[in-house]
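Only a predicted model underlies this, so the values are computations on that prediction, with no experimental measurement involved. Note that the numbering runs from 1 along the sequence shown for the chain.
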Amino acid sequence: TSRYDEIEQFLATRIVQGNRAKTREDWKRDIEEAHKKYGTGKTVIQAKVWYLTSVKYYPLYGSTFFYVHYKGFWSYPNHLIVAVDLAGVKFVNQKSKQIMAEYKYAQLESVAVDIVDDAVTLNMRTSGPEEQRSFNFETHQKEDIANLIASYSPVHSNWQRVGEAKTKLIRASEEDRAKLWQEVWGCRRMLAVEHKMLQEPPDKGNFLTTTLRKYNRARLE
């Protein structure tokens, strides 16, 4: 058994599936030849340095991927990756990993997080009315995206929290409170008088308690 039998340990699945002309044996042979050519005589540390020296020129190197769903209509797939790195934000195709659009932090006007609808909105500075300005993405990692952007770009640290008003309690008016009290009182009366489910506490001879109980009974009846 060759150490290169599990080619998925050395290559991304999209690379293997993207070149169907090659068989698994072809991939095993290519990987083995590459290791002999570039790895012979090198220590583990040297090999890692060579690897990082090569991959650091890739456009997505150092990016953190967030899998999101675009809320709206545009010419790209609605399921995509928002990649956040030191330079800015990129919109990446999930399957091909192709960069569909990218924006520097200087182009990012503001970040808004909707805490109710699990969404994050990136508002861009545009040079013309024909350019799209706002991008709304649905994701549970909304705050992670906003915080990571803020860590790279301190000017965006005061990102907006929207939707908080939806979670705040609404102050009831006097009319609403009176209506609710009548409903509660009606339910109590039904339980006490019609269904006999509310039991009176034992009478311990307290004058004030007895008087209040008689008064409430009269109101129920």
Side-chain angles (χ1 to χ4, degrees), residues 4 6-31 33-35 37-38 47-114 117-153 155-156 159:
Y4 303 108
E6 297 295 331
I7 61 176
E8 288 79 11
Q9 297 293 325
F10 305 95
L11 295 172
T13 303
R14 64 183 178 84
I15 295 178
V16 178
Q17 295 179 349
N19 194 338
R20 300 185 181 278
K22 281 190 175 183
T23 64
R24 294 186 68 87
E25 293 300 322
D26 294 334
W27 283 117
K28 287 166 56 177
R29 183 176 60 254
D30 291 346
I31 295 171
E33 291 177 356
H35 277 190
K37 180 178 180 180
Y38 300 105
K48 290 181 178 180
V49 171
W50 273 53
Y51 171 78
L52 292 176
T53 302
S54 300
V55 301
K56 71 179 183 180
Y57 295 105
Y58 289 3
L60 295 175
Y61 174 73
S63 299
T64 302
F65 285 6
F66 298 95
Y67 290 81
V68 303
H69 175 78
Y70 178 72
K71 299 177 66 175
F73 299 95
W74 64 351
S75 58
Y76 303 123
N78 280 8
H79 291 278
L80 69 149
I81 297 170
V82 170
V84 181
D85 59 23
L86 181 64
V89 179
K90 300 177 177 68
F91 302 155
V92 183
N93 187 294
Q94 283 192 13
K95 294 183 179 180
S96 67
K97 300 302 185 290
Q98 177 185 0
I99 298 175
M100 302 180 295
E102 59 181 314
Y103 298 89
K104 303 295 184 183
Y105 287 122
Q107 298 173 274
L108 180 59
E109 183 176 17
S110 63
V111 179
V113 172
D114 192 321
D117 294 334
D118 276 342
V120 58
T121 301
L122 306 179
N123 298 309
M124 306 299 177
R125 295 184 175 91
T126 58
S127 57
E130 70 280 356
E131 297 182 26
Q132 184 171 349
R133 176 182 179 274
S134 182
F135 300 91
N136 188 255
F137 302 103
E138 184 178 358
T139 172
H140 294 301
Q141 295 178 292
K142 53 191 181 299
E143 293 189 5
D144 294 334
I145 295 175
N147 288 329
L148 186 57
I149 290 175
S151 68
Y152 285 127
S153 177
V155 297
H156 296 101
W159 47 266

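- Surrounding NZ of Lys71 are more than 12 heavy atoms belonging to other residues, nucleotides or ligands, all under 6.0 Å away.
- The distance from atom CD of Gln98 to atom CG of Leu80, rounded to the nearest 0.5 Å, is 12.5 Å.
- Under the rule for a side chain to side chain contact (heavy atoms under 4.5 Å, CB included), the partners of Gln9 that lie at least two apart in sequence or sit in another chain are Glu6.
- When all heavy atoms of Val111 and Ala146 are compared, the closest pair comes out as CG1-CB, 4.0 Å.
- Salt-bridge check for Arg125 with Glu131: failed, with every basic side-chain N at 4.0 Å or more from each acidic carboxylate O.
- Atom NZ of Lys104 sits about 8.0 Å away from atom CD of Gln107, to the nearest 0.5 Å.
- Rounding to the nearest 0.5 Å gives a distance of 13.5 Å between NE2 of His156 and CG of Asn147.
- Crowding of Trp50 atom CH2: a count of heavy atoms from other residues, nucleotides or ligands under 6.0 Å not exceeding 12.
- A search for side chain to side chain contact (heavy atoms under 4.5 Å, CB included) contacts involving Thr13 returns Gln17, not counting sequence neighbours.
- Residues Lys97 and Ile81 meet the side-chain proximity criterion, which asks for heavy atoms closer than 4.5 Å.
- Contact check for Ile145 versus Val68: side-chain heavy atoms found under the 4.5 Å cut-off.
- Arg133 and Glu109 get closest at one heavy-atom pair: NH2-OE1, 2.7 Å.
- Once rounded to the nearest 0.5 Å, the distance linking OG of Ser153 with CG of Leu148 reads 11.0 Å.
- Residues Arg24 and Ile7 meet the side-chain proximity criterion, which asks for heavy atoms closer than 4.5 Å.
- Heavy atoms of other residues, nucleotides or ligands lying less than 6.0 angstrom from NE2 of His140 number 12 at most.
- Tyr67 and Thr139 make their closest contact through O-OG1, 4.1 Å (heavy atoms, listed as atom of the first residue, atom of the second, distance).
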query = Taking it one step at a time, do Asp118 and Lys142 satisfy side-chain contact (heavy atoms from CB on, under 4.5 Å)?
reply = CA-CA 6 Å; Asp118 276 342; Lys142 53 191 181 299; 2.6 Å; yes

Donor-acceptor contacts under 3.5 Å from residues 57-66 side chains, at least two apart:
unit_1 : atom_1 : unit_2 : atom_2 : d
Ser63  : OG     : Leu60  : O      : 3.2
Ser63  : OG     : Asp85  : OD2    : 3.2

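- For the pair Glu33 (side chain) and Asp30 (backbone), a donor-acceptor distance under 3.5 Å is absent.
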key: Val89 vs Tyr105, side-chain contact (heavy atoms from CB on, under 4.5 Å): CA-CA, chis, key distance, verdict   = CA-CA 7 Å; Val89 179; Tyr105 287 122; 4.2 Å; yes

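- In this structure, the separation between CH2 on Trp27 and CG on Leu11 is 5.5 Å, given to the nearest 0.5 Å.
- Below 30°, between 30° and 60°, or above 60°: for Phe137 and Phe91 the angle between ring planes is above 60°, a perpendicular geometry.
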message = side-chain contact (heavy atoms from CB on, under 4.5 Å), that's the test. Do Leu122 and Leu108 meet it? Break it down for me.
response = CA-CA 7 Å; Leu122 306 179; Leu108 180 59; 4.1 Å; yes

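- Interatomic distance, His69 NE2 to Asn136 CG, rounded to the nearest 0.5 Å: 10.0 Å.
- Nearest heavy-atom pair across Trp159 and Ala150 is CD1-CB, 4.4 Å.
- Aromatic ring orientation, His35 versus Phe10: perpendicular (interplanar angle above 60°, classes split at 30° and 60°).
- Smallest separation of non-hydrogen atoms from Tyr76 and Met100: OH-O, 3.1 Å.
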